[in-house]
Amino acid sequence: MFVREVLKPNGSVSIRIVESLRLGNKVVQKMVRSLGQYKDPKEIEVIKKTAEQLIVEIENNRNPVLSIFDPSDFHAVKKRKQKLSETETPEA
């Protein structure tokens with residue numbers, strides 16, 4: 001799942017939570033939740049952060065982790081990307 005920004009003709013930005021699904025040989029994207037349309041850049045950033053937290057909640061409902069762990073350690077997109085980049089070693 002990821003957060004998508006869609007620019008609308010009226011100048012506002014629509015914020016959506018989207019997931020990619022494979023149907024046969026095609027990959028389609030399904031909108032999980034729409035978080036509305038916004039014009040203010042500061043407001044857009046706040047909503048995007050809220051959407052990231054919502055993704056963690058949705059993923060934790062689908063695939064719960066033990067209560068002794070923090071769900072954001074397993075389901076947060078940014079943390080997963082950071083961990084992947086930390087484990088990559090530069091080729092010499």
Practice problem: Go through the steps to decide whether Glu59 and Ile55 satisfy the test side chain to side chain contact (heavy atoms under 4.5 Å, CB included), and finish with yes or no. | Solution: CA-CA 6 Å; Glu59 288 286 344; Ile55 288 172; 4.2 Å; yes

Quiz prompt | Side chains of Val3 and Glu52 in contact at under 4.5 Å (non-hydrogen atoms) | solution = yes

Quiz item: OG of Ser34 to CD1 of Ile17: how many Å apart, nearest 0.5 Å?
Solution: 9.5 Å

Quiz prompt | side chain to side chain contact (heavy atoms under 4.5 Å, CB included) between Asn10 and Gln37, worked out | solution = CA-CA 10 Å; Asn10 64 0; Gln37 295 182 12; 4.0 Å; yes

Exercise. Check whether any side-chain heavy atom of Val6 sits under 4.5 Å from a side-chain heavy atom of Val13, and report yes or no.
Key: no

Quiz prompt | Non-hydrogen atoms of Leu35 and Ala51 that approach each other most closely | solution = CD1-CB, 3.3 Å

Quiz item: Do Ile58 and Met1 touch side chain to side chain, with heavy atoms closer than 4.5 Å?
Solution: yes

Quiz item: Other than Leu21, what residues sit in its cluster of Ile, Leu, Val, Met, Phe, Trp and Tyr side chains whose heavy atoms are under 4.5 Å apart, directly or through others?
Solution: Leu23, Val28

Self-check item: Flag side-chain contact, heavy atom, 4.5 Å: Val32 against Leu54
Solution: no

Quiz prompt | Contacts of type side-chain hydrogen bond (donor to acceptor under 3.5 Å, both in side chains), residue Glu19, not counting sequence neighbours | solution = Arg62

Practice problem: Starting at NZ of Lys49, measure out to CD1 of Ile44 and round the result to the nearest 0.5 Å. | Solution: 13.5 Å

Self-check item: Charged N-O contact under 4.0 Å between Lys48 and Glu45
Solution: yes

Quiz item: Do the non-hydrogen side-chain atoms of Gln29 and Arg4 ever get within less than 4.5 Å of each other?
Solution: yes

Quiz item: Which heavy-atom pair separates Ser14 from Lys8 by the least distance, and what is that distance?
Solution: CB-CE, 3.7 Å

